[in-house]
Amino acid sequence: MRYAQVVPDIPTRAIDGCFDYAIPAELETSCVAGCTVLVSFAHRLAVGYVVSTSAEVSEGVNPLRVLSVERVLAPSAFDEVAAGLALWMAREYAAPLASCLRLMLAPGQTVRVRKSDEGAWELVCNRAQAVDDRWSALTDAGRAFTPRKNASRQRQVVEALAAGPMRVAELAAMVSGAAGVISALAKRGLVEVEHRRRIRGGEQASTLSNANAPRPTQLTAGQQGALAAIGEAVSARRGDVVLVDGVTGSGKTEVYLDAIERVRAQGRDAIVLVPEISLTAQTVGRFRSRFGDDVAILHSRLSTGERFDQWDLLRSGAAHVVVGARSALFAPLANVGLIIIDEEHEGSYKQDQAPRYHAREVAAELARRRGAALVLGSATPSLESLERCRAGSWRGVSWTRASMPERPGSAVLPTVHVVDMRSQPGAKGGSVFSRTLRDALLEVAERREKAVLLLNRRGFASFLMCRECGCVPTCPHCSTALTYHERTHSLACHTCGSVWPVRAYPDPSTKCPNCGSRYLAQYGVGTQRVEDELRMLLPEDVEVIRMDADTTATKGAHTKLLEQFDVAECAVLVGTQMIAKGLDFPEVTLVGVVNADTTLKLPDFRAAERTYHLLEQVAGRAGRGERPGQVVIQTYWATHPAIRAVEKHRRGPFVAYELDEREEAYYPPFSRLANVTFAGLNEGVVRDCAAAFARELRARVLDLPGEWEVLGPAECVRAKVKDRFRRHVVVKAPAAANVGPVLTVAADALPARRDVALSIDVDAYDLL
């Protein structure tokens with residue numbers, strides 16, 4: 001008798017381990033690690049996931065009382081190493097174990113047990129399936145066959161197939177009734193029909209000029225040094241980490257490609273993570289130009305069926321390199337030799353829903369368990385990564401920094417001009433452009449070059465405000481001001497998505513919701529307004545392309561907009577943060593930052609670091625070709641260390657300043673930060689629950705080693721979201737502390753409540 005260790009799919013922290021079930025003889029071959037099964041749990045049927053199998057029951061379990069597995073519902077999707085990673089994530093991030101295991105499942109798999117209207121338990125299975133296409137081709141007899149003169153459809157089908165095999169669906173679109181004709185011809189042995197697997201999700205080949213990776217004739221010294229460090233980490237097979245710290249345009253992608261080639265030559269697999277979906281077309285194009293169909297893609301813009309097919313390519317061994325967002329970490333690759341995280345400083349690698357993991361930390365643990373190397377690449381590495389490289393090791397593995405300070409060829413870093421907007425004379429009509437940026441844009445248009453303008457905000461204006469009473473329309477469901485969108489004449493909440501039609505002054509229908517005044521005017525700047533001003537400023541033959549969350553909402557929109565910018569003779573790309581990273585257009589000679597202070601003044605200890613990362617990254621989009629580039633940064637805080645660091649391309653003084661500030665305030669990387677949030681419809685109940693948790697946690701951390709701080713409870717910056725009141729408790733712990741288990745025990749000590757949602761965010765990136 002063999003036994004399966006099963007985790008029931010019940011999303012609660014109370015279930016933090018496995019339960020033993022006997023494997024019936026008829027299921028021995030199919031009930032293996034990674035499969036989904038149906039079991040009896042707490043006197044009801046439940047779906048569960050097998051994390052391992054063994055010849056004996058766990059210690060302390062009576063074999064006579066062990067129940068049997070009822071059914072195998074889905075084949076194996078992960079192995080025991082991946083299951084161990086999920087167990088680690090559940091402990092590390094105080095997350096339900098079942099939620100972590102779901103990350104490993106095949107895309108589209110939702111198998112659950114629910115109660116029917118009659119009160120009986122029923123099984124609901126929804127799984128993405130492979131799609132088979134019918135292909136038709138002429139046999140030898142068919143090639144010699146001549147249809148009758150009046151058999152026009154047969155003649156059309158035979159003529160079409162004479163050129164080669166065709167999908168039946170395509171043939172039916174060309175010839176009416178072709179499916180019936182093919183069936184008749186197949187019965188006579190004139191046509192043969194076969195089923196072929198259709199692979200969805202293989203993105204169309206991009207026309208982007210930079211979606212290709214020609215092999216350079218010679219690598220720079222920095223590239224050679226980085227490859228040597230990566231080679232040592234791969235050979236060590238213990239999870240060592242290499243931080244490729246290269247300036248923008250220094251050729252980090254070529255380092256990734258060469259490193260993967262060497263790993264693939266050893267018969268091992270590779271995972272590549274990118275922070276933005278807008279980068280996938282460019283990145284996938286470059287990787288496929290080198291590795292062909294050995295590359296699979298996984299990201300959220302693919303449909304469920306497309307993700308399943310790409311995932312299945314990896315599981316079946318048809319592909320060995322996966323490129324995608326953070327979820328690509330959980331691709332079914334058992335022989336991983338290299339994990340690459342491009343732009344590792346990006347906050348998008350932190351999951352904002354349970355389980356709230358950080359891809360960098362999970363990748364480091366996965367590399368350790370698989371015996372792979374982890375490569376982190378960035379022109380602006382995170383302070384955590386820099387500090388670990390300075391220490392030389394972290395959690396028992398080596399951390400090495402490989403510097404790439406030069407751009408290949410004749411390309412040099414752009415010249416940066418910081419414009420202090422406090423000293424600028426008032427522009428005519430309240431223009432968002434300073435004289436410096438305005439002149440630079442006109443020069444780009446005159447030279448027929450390209451420019452990129454960054455504004456970290458959507459919409460036409462930040463908000464509307466009444467000039468009579470000072471009222472600012474806010475969302476009735478959230479404690480946030482509404483953003484004005486001029487194209488749709490609407491106010492939108494960017495927290496919950498609610499929209500209200502309204503027109504701003506001087507439209508005669510404008511009316512303040514508080515005092516009735518018609519002087520409800522726009523304040524602040526949005527991407528729509530920048531786009532409109534550009535169209536008025538520049539000649540008509542200069543294309544203005546806006547790229548933000550509104551214009552890229554549809555599938556493939558990122559790629560289409562970038563291709564439009566790529567083929568234009570002279571163009572300006574206006575966008576939010578998504579245009580600041582990874583994009584490589586040699587024709588771009590000007591980068592403008594309309595307002596550098598947007599992220600700098602957020603109530604967040606990472607605000608300065610994020611601002612530096614954003615500005616340095618977007619500045620690196622300029623001057624990547626033969627022509628020199630320039631950057632114009634408009635700011636009201638020109639003396640801030642982050643702004644100065646970008647202006648001089650000198651990170652050292654800013655990093656030293658920021659680390660001193662963090663150490664004094666006991667913030668990461670000198671501590672671990674956790675944010676525990678409570679949300680509910682009743683403000684008083686939320687307040688009481690948060691206070692009870694804070695008392696419980698303070699009592700538990702008193703005897704723990706190191707310095708622990710429990711701050712709060714207090715109102716969140718966004719105190720109300722979707723009609724739910726929010727309070728939080730912030731925890732600071734020693735950098736090496738196991739925070740997750742401590743928070744789990746404190747949360748489990750509270751009485752269970754259905755009217756208050758508790759969420760635990762370990763290594764929090766967002767305290768709003």
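Along the sequence shown, the residues carry numbers beginning at 1. Since we're looking at a predicted model, the values are computed, not measured. Heavy-atom basis, side chains included; hydrogens, waters and symmetry copies ignored.
Expressed to the nearest 0.5 Å, how far CG of L534 lies from CD1 of I545 amounts to 11.5 Å. Within the model, atoms CG of L329 and OH of Y357 stand 6.5 Å from one another, a figure rounded to the nearest 0.5 Å. Rounded to the nearest 0.5 Å, atoms OG1 (T635) and CG (L615) are 8.5 Å apart. Atoms CG and CD, on L437 and Q630 in that order, are 9.0 Å from each other to the nearest 0.5 Å. Between the OG1 atom of T474 and the CG atom of L482 there is a distance of 6.5 Å, given to the nearest 0.5 Å. Within the model, atoms OG of S378 and NZ of K252 stand 6.5 Å from one another, a figure rounded to the nearest 0.5 Å.
A cation-pi contact, defined as under 6.0 Å to the ring centre and within 45° of the axis, is absent between R651 and Y612.
Within the 4.5 Å cutoff, the side chain of D604 has no heavy atoms near those of the Y765 side chain. Here the side chains of V588 and R624 are not in contact, with every heavy-atom distance at 4.5 Å or above. D763 is listed as a side-chain neighbour of R672, based on a closest heavy-atom distance under 4.5 Å. Residues L441 and V542 fail the side-chain proximity criterion, which asks for heavy atoms closer than 4.5 Å. Looking at heavy atoms from C-beta onward, V618 lies out of side-chain contact with V631 at the 4.5 angstrom threshold. Side-chain contact between E254 and P408 is absent, with no heavy-atom pair separated by less than 4.5 Å. Residues P653 and R644 form no side-chain contact, since every pair of their non-hydrogen atoms from C-beta on lies 4.5 Å or further apart. Contact annotation: the side chain of L562 never approaches that of I579 to less than 4.5 Å [non-hydrogen atoms, C-beta and beyond].
In this structure, F670 and L659 approach most closely via the heavy-atom pair CE1-O, 3.3 Å. What you find for D240 and A233 is that their closest heavy atoms are CB-CB, 3.9 Å. Closest of all the heavy-atom pairs between M421 and S434 is SD-CB, 3.9 Å. The two residues V594 and Q634 have their closest heavy-atom pair at O-NE2, 2.8 Å. Closest approach of P381 and H345 over heavy atoms only: C-CB, 4.2 Å. In plain terms, the two heavy atoms of E346 and P275 that are nearest each other are CG-CB, 3.5 Å.
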Kindly indicate, with the supporting measurements, whether the criterion side-chain contact (heavy atoms from CB on, under 4.5 Å) is fulfilled by V574 and L455. CA-CA 7 Å; V574 181; L455 178 66; 5.5 Å; no
Evaluate the side-chain contact (heavy atoms from CB on, under 4.5 Å) criterion for residues L673 and L767: first the C-alpha distance (whole Å), next the side-chain angles of each, then the deciding distance (0.1 Å), finally the verdict. CA-CA 10 Å; L673 191 70; L767 300 180; 4.0 Å; yes
When you look at V247 and H649, which way does the side-chain contact (heavy atoms from CB on, under 4.5 Å) test go after all the steps? CA-CA 9 Å; V247 297; H649 293 299; over 6 Å; no
Check against side-chain contact (heavy atoms from CB on, under 4.5 Å), E443 and L590: CA-CA 10 Å; E443 289 173 6; L590 171 67; over 6 Å; no
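The salt bridge (charged side-chain N to carboxylate O under 4.0 Å, His left out) analysis of residues 347-359, with sequence neighbours excluded, yields the pairs K350-D761. Residues in residues 393-410 take part in these salt bridge (charged side-chain N to carboxylate O under 4.0 Å, His left out) pairs, two or more places apart or across chains: E92-R395, D245-R401. Sorted by first and then second residue, the pairs that involve residues 411-421 and meet salt bridge (charged side-chain N to carboxylate O under 4.0 Å, His left out), not counting sequence neighbours, are D420-R422.
In terms of modelled atom types and a separation under 3.5 Å, the side chain of Y666 and the main chain of E707 share a donor-acceptor contact. Judged by distance alone, with hydrogens and angles left aside, the side-chain atoms of R546 form no donor-acceptor pair with the main-chain N or O of T551 at under 3.5 Å. A donor-acceptor pair under 3.5 Å is formed between the side chain of R326 and the backbone N or O of S348. Side chain of Q617 to main chain of Q577: no donor-acceptor pair is present (N/O by atom type, distance under 3.5 Å, no hydrogens or angles). When atom types are taken as modelled, the side chain of K732 and the backbone of A665 share a donor-acceptor pair closer than 3.5 angstrom. Side chain of Y256 to main chain of D342: no donor-acceptor pair is present (N/O by atom type, distance under 3.5 Å, no hydrogens or angles).
Residues S382 and E344 have side chains that bring a donor and an acceptor to within less than 3.5 angstrom of each other.
Between R662 and E609 there is a salt bridge, with a side-chain nitrogen of the basic residue lying less than 4.0 Å from a carboxylate oxygen of the acidic one. Taking 4.0 Å as the cut-off between side-chain N and carboxylate O, R529 and E533 count as a salt-bridged pair.
Residues passing the salt bridge (charged side-chain N to carboxylate O under 4.0 Å, His left out) test with E543, sequence neighbours excluded: none. Judged as a side-chain contact (heavy atoms from CB on, under 4.5 Å), and not counting sequence neighbours, the contacts of L442 are R438, L537, L538. Contacts of F605 classified as ring-ring contact (aromatic ring centres under 6.0 Å, His included), with partners at least two apart in sequence or in another chain: Y667.
Classification of the F654-Y657 ring pair by plane angle, with boundaries at 30° and 60°, yields tilted.
Between L614 and the choices V646, L454, T380, the side chain to side chain contact (heavy atoms under 4.5 Å, CB included) rule is met once, by L454.
Shown here is Y636, whose OH atom has no more than 12 heavy atoms of other residues, nucleotides or ligands within 6.0 Å.
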